[in-house]
Protein chains: 2
Amino acid sequence: MTAIGFEKHDHNRCIATALAEAETRCADQKLQLTPVRRRALEILLQRHRAMGAYEILDLLAADGLGSQPPVAYRALDFLVQHGFAHRIERINAYTACAHPEQDHIPAFLICRGCKAVAEAETELEQGRLGAAAQATGFAIERIVVEAEGLCPACQEHPA
Amino acid sequence: MTAIGFEKHDHNRCIATALAEAETRCADQKLQLTPVRRRALEILLQRHRAMGAYEILDLLAADGLGSQPPVAYRALDFLVQHGFAHRIERINAYTACAHPEQDHIPAFLICRGCKAVAEAETELEQGRLGAAAQATGFAIERIVVEAEGLCPACQEHPA
DNA sequence: TCACGATTTGTTATGTTATAACATTCATCG
DNA sequence: CGATGAATGTTATAACATAACAAATCGTGA
């Protein structure tokens, strides 16, 4: 929660909005946004960065919501499954989805210096990859697109 | 090594060719293709599939080439670093590069049924992702593109 | 040849991420 | 109520990865 300053209020509102939207959609789709799942999403929204499962587990535990790994992994699986969060393979971490309203293929820019992660848009990856899949009869269910490199700040201050 | 049948000889030649090319390129670029590194590459070429680091380590150990994890990870890092192999993030595994001769961004089709992996070509990802990176000043060093789904065989025989 | 520096390998120990398996709780509905 | 299915609690362990330091190897220049 560094350097949010006077935008803090806005961030709180944005968290509240996202949570409310999640609740609405879960109700619509008959999904159960249980306390553990809801709190996990809230944590991801609050920190607004990529977090490891164990880091989230610690925060859940602090609230008395489970203390063993499966609790965190199950909640995160649920959130990822339904598009409320994404898993970032390169760094084994999770982050709240930046636009959960629509179906999309997320793409991430991962800074290897400060570990910050930005979610970018991709057009449907169906360029060459989709063509290759179709040609071989492979049925794509999920696509991972992640770029690793250095953010502007870390380019200037090489650790 | 299933179902290679009468193509076995060809496969042996293909392994030998790939190894020879690796040796040539290492000589050119003053890279040391040491016994451990060479054997690791050979293992990946032989199996011709994605393999975990510990699986490779076991085979190295069987040849008396190191028995502790760092040995395998270091050899694999070398191979990946220089484009002789790729790491597949989604499944924490490694595979020999299908066309080590040229620089490229690999893309993988990963079957969640049988764990088979195919390497596809991608055009430079510089579509939307490159644009996003450029807009924010992010310097991309590596791009991961992986699709998970079901191969034709696993679509027909749902485990 | 010998000393050196750089690179690679050996080894110990530990850290980090993830899941299997089974018991328990809880809401829902016939 | 009692059965069913979903979620959670819990124990135990599997799977993946790296830090840190010691020892060996190898090329190179004095």
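Every chain is numbered from 1 and lettered A, B, ... according to where its sequence line falls, protein lines coming before strand lines. What you are looking at is a predicted structure, and each value in this text was computed from that prediction instead of being measured.
Taking every heavy atom of both residues into account, A:H86 and A:V80 meet most closely at C-CG2, 4.1 Å. What you find for A:G66 and A:L57 is that their closest heavy atoms are O-CD1, 4.0 Å. Scanning all heavy atoms of the two residues, the minimum distance from A:R37 to A:Q32 falls at NH1-O, 2.8 Å.
Mapping A:N92 and B:T34 onto DNA chain C by nearest heavy atom places B:T34 at the nucleotide closer to the 5' end. If you find the closest nucleotide of DNA chain D to A:V36 and to A:Y54, the one lying nearer the 5' end belongs to A:V36. If you find the closest nucleotide of DNA chain C to B:R74 and to B:Q32, the one lying nearer the 5' end belongs to B:Q32.
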Side-chain polar contacts of residues 93-100 of chain A - donor-acceptor pairs under 3.5 angstrom, sequence neighbours left out - could you list them?
unit_1 : atom_1 : unit_2 : atom_2 : d
A:Y94  : OH     : A:R87  : NH1    : 3.0
A:H99  : NE2    : A:E121 : OE2    : 3.2

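For DNA chain D, the contact window with chain A, defined by any atom under 4.0 Å from a protein heavy atom, covers D:dA6 to D:dT11 in 5' to 3' order.
Contacts between residues 59-71 of chain B and DNA chain C, counted as heavy-atom distances below 4.0 Å, involve B:G66, B:Q68, B:P70, B:V71.
Other residues, nucleotides and ligands contribute more than 12 heavy atoms inside 6.0 Å of the CG atom of B:D28. Applying the 6.0 Å contact sphere to CD of B:E23 captures more than 12 heavy atoms from other residues, nucleotides or ligands.
Side-chain contact check for A:R49 versus A:M51: some heavy-atom pair is nearer than 4.5 Å. At a threshold of 4.5 Å between non-hydrogen side-chain atoms, the residues A:E146 and A:I88 count as touching.
Look at CG on B:L57: it is 11 Å from P on C:dG10, rounded to the nearest Å. One interatomic measurement links the two molecules: CZ of B:F78 to C1' of C:dT9, which rounds to 14 Å at whole-angstrom precision.
Screening A:T34, A:V71, A:V36 for a side chain to side chain contact (heavy atoms under 4.5 Å, CB included) with A:L65, the sole residue that qualifies is A:V36.
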Where protein sits on nucleotides 23-30 of chain C, one letter per nucleotide: B base, S sugar-phosphate only, - none, heavy atoms under 4.0 Å: --------
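Listed by chain and residue number, B:A61 satisfy the side chain to side chain contact (heavy atoms under 4.5 Å, CB included) test with B:S67 (two or more places apart in sequence, or in another chain). Residues that satisfy the side-chain hydrogen bond (donor to acceptor under 3.5 Å, both in side chains) test with B:Q68, not counting sequence neighbours, are absent from this structure.
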